[in-house]
Amino acid sequence: MKKKLVSPLLVAFAFFNIYIIWGSTYLAVIYGLKSFPPFILVGLRYAMAGVIFFAWCKFKGESLPVSRNLWRHAISGIMMLVGGTGMIAWAEQYISSGQAAILVATEPLIFLLLDRKNWSEYFSNKYILSGLIIGFAGIFLFLKLGVSVVNPSPLATIASIVVLFSAVLWVLGALITKNSKGSSSSTMNASIQLLAAGAASAIIAFAKHEQAGFSFANVSAEAWAGLLFLVVFGSLVAYLSFVWLISIKPPAIISTHTYVNPVVAVLLGWLLINERVNAAQLISLIVILVGILLVNLPAYLKSKHAD
């Protein structure tokens, strides 16, 4: 069967979305948290985007995925968006947007540790093995100096560990999505993931009693702007780009967004809301990114050679 050609311009646009827009969502979360509790914020974000996507798919007459894929997308959406992004929103109450983005940059390293069936290939490659060692050395340096020096609060350290755990859940959810093949469009799959994540976020929000004392009438214009950015750009544009790219490109190529996202987040946080950035954080970021580069180098070269 002849492989369907994909527009290089469309692919470039999708990568721009997951590179730059996703990097800026960390700052948008900070603005949203000015008035919204974390899981109400992410629940509204996912529910609104999911309803828009689903309505569009039904308008075009598209059917739901088969039962098995429907549940897989729902579970992967909860893991990636609630366990991943939702936990990051909670953590950004105690650490800066740049710090959160730096920790999330470890996803490619975590992917290798969780992809057990390919361990023999990974750990026999000198680039990958060196990248893992260097990357996790960067994480240790960040937790030891980057967090404790800027924010010595125990909650800051706990929040940093929560972000690392959220990266694990995102990777697990992405692996489920990658293996959920079917005839449904990327938009329909994304709508299922977003709606499931919105429902799960609502349950967590009510379980945490986030609704107590919260009123939409008291939400600031900055917080509304943050939510609107997250819905339109973070979910409708960037997340759909991710779901589409993961269906046509190797994970190693897609994960290159982790090189750019923390740089964008740190720069925007410093420029717009005066977030503190110290030398230890910047050094940690460079060390982590060097590790990620080495880890992805073999797969990247292989995919480019295949093209």
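What's counted below: heavy atoms across the whole structure, side chains too, no hydrogens, waters or symmetry copies.
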State yes or no: do [X] and [Y] share one hydrophobic cluster built from I, L, V, M, F, W and Y residues joined by side-chain heavy-atom distances below 4.5 Å, directly or via other members?
X      : Y      : result
Phe54  : Met80  : no
Ile161 : Trp90  : no
Val260 : Leu293 : yes
Val295 : Trp119 : yes
Phe140 : Leu164 : no

* **side-chain contact (heavy atoms from CB on, under 4.5 Å) assessment of Trp170 paired with Met79** => CA-CA 6 Å; Trp170 177 277; Met79 293 180 72; over 6 Å; no
From [X] [atom1] over to [Y] [atom2], what is the distance, rounded to the nearest 0.5 angstrom?
X      : Y      : atom1 : atom2 : answer
Asn125 : Ser120 : CG    : OG    : 11.5 Å
Leu81  : Ser76  : CG    : OG    : 8.0 Å
Ser63  : Leu70  : OG    : CG    : 12.0 Å
Ile102 : Ile286 : CD1   : CD1   : 10.0 Å
Leu64  : Ile192 : CG    : CD1   : 5.0 Å
Leu271 : Leu27  : CG    : CG    : 10.0 Å

[X]: what forms a side-chain hydrogen bond (donor to acceptor under 3.5 Å, both in side chains) with it, not counting sequence neighbours?
X      : answer
Glu92  : none
Ser185 : Glu62
Ser130 : none
Ser35  : Ser220

Side-chain donor/acceptor pairs under 3.5 Å, residues 193-204, sequence neighbours excluded:
from   : atom 1 : to     : atom 2 : distance (Å)
Gln193 : OE1    : Tyr239 : OH     : 2.3
Gln193 : NE2    : His73  : ND1    : 2.9
Ser201 : OG     : Ala197 : O      : 2.8

* Asked: Which one of Ile133, Leu109, Leu112, Leu297 satisfies the side chain to side chain contact (heavy atoms under 4.5 Å, CB included) criterion with Ile128?
  ->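 For Ile128, the side chain to side chain contact (heavy atoms under 4.5 Å, CB included) test succeeds with only one of Ile133, Leu109, Leu112, Leu297, which is Leu112.
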* Quickly, which of Ile139, Ile292, Val168 forms a side chain to side chain contact (heavy atoms under 4.5 Å, CB included) with Thr106? Name it, please. =>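 When Ile139, Ile292, Val168 are each tested with Thr106, the side chain to side chain contact (heavy atoms under 4.5 Å, CB included) holds only for Ile139.
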Is [X] atom [atom1] crowded by more than 12 heavy atoms from other residues, nucleotides or ligands, each under 6.0 Å away?
X      : atom1 : value
Lys126 : NZ    : no
Phe206 : CZ    : no
Tyr127 : OH    : no

* Asked: Checking side-chain contact (heavy atoms from CB on, under 4.5 Å) for the pair Phe142/Leu285: CA distance, chi angles, key distance, verdict?
  -> CA-CA 8 Å; Phe142 179 81; Leu285 173 59; over 6 Å; no
Restricting to non-hydrogen atoms, name the atom on [X] and the atom on [Y] that form the minimum distance, rounded to 0.1 Å.
X      : Y      : value
Gly138 : Ser284 : O-CB, 3.7 Å
Glu222 : Tyr31  : O-CB, 3.8 Å
Gly32  : Ala223 : O-CB, 3.8 Å
Glu275 : Gly98  : OE1-N, 3.4 Å
Phe111 : Val171 : CA-CG1, 3.6 Å
Leu169 : Gly83  : CD1-CA, 3.5 Å

* Keeping the roles fixed (side chain from Asn261, backbone from Ile18), state whether a donor-acceptor pair exists under 3.5 Å. =>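 Answer holds: yes.
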* Could I get the full list of ring pair (Phe, Tyr, Trp, His ring centres under 6.0 Å) partners for Trp244, not counting sequence neighbours? =>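 Expected list: none.
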* Partners passing ring pair (Phe, Tyr, Trp, His ring centres under 6.0 Å) against Phe15 (at least two apart in sequence or in another chain) ->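 Applying ring pair (Phe, Tyr, Trp, His ring centres under 6.0 Å) to Phe15 gives Tyr19.
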What I'd like to find out is whether the side chain of [X] reaches to under 4.5 Å of the side chain of [Y], using heavy atoms alone.
X      : Y      : result
Leu230 : Leu41  : yes
Asn189 : Pro65  : yes
Ser97  : Val29  : no
Glu107 : Val104 : yes

* To do: Verify side-chain contact (heavy atoms from CB on, under 4.5 Å) between Val82 and Val42, making sure each step is shown before the conclusion.
  => CA-CA 8 Å; Val82 182; Val42 296; over 6 Å; no
* Would you check if the distance from the ring center of Phe36 to the ring center of Trp224 is below 6.0 Å? =>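 They qualify: ring centres under 6.0 Å apart.
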Could you list who else is in [X]'s hydrophobic cluster, with ILVMFWY side chains joined at under 4.5 Å, directly or through other members?
X      : value
Trp56  : Phe59
Leu9   : none
Leu228 : Ile21, Phe229, Val232, Phe233, Val237

* **Working for side chain to side chain donor-acceptor pair (under 3.5 Å), residues Gln99 and Ser160** => CA-CA 8 Å; Gln99 289 174 334; Ser160 298; 5.7 Å; no
I'd like a table of donor-acceptor pairs (distance under 3.5 Å, sequence neighbours excluded) in which one partner is a side-chain atom from residues 210-218, with atom names and distances.
from   : atom 1 : to     : atom 2 : distance (Å)
Glu210 : OE1    : Phe39  : N      : 3.1
Glu210 : OE1    : Ile40  : N      : 3.0
Glu210 : OE2    : Phe39  : N      : 3.3
Glu210 : OE2    : Lys208 : NZ     : 3.0
Ser215 : OG     : Ala217 : N      : 3.2

* Only pairs at least two apart or in different chains count here, so list each side chain to side chain donor-acceptor pair (under 3.5 Å) that has a residue in residues 42-52. =>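 Residue pairs passing side chain to side chain donor-acceptor pair (under 3.5 Å), neighbours aside: Arg45-Ser235.
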* To do: For the pair Tyr26 and Ile88, evaluate side-chain contact (heavy atoms from CB on, under 4.5 Å) and give the outcome as yes or no after the intermediate values.
  => CA-CA 9 Å; Tyr26 293 93; Ile88 293 171; 4.1 Å; yes
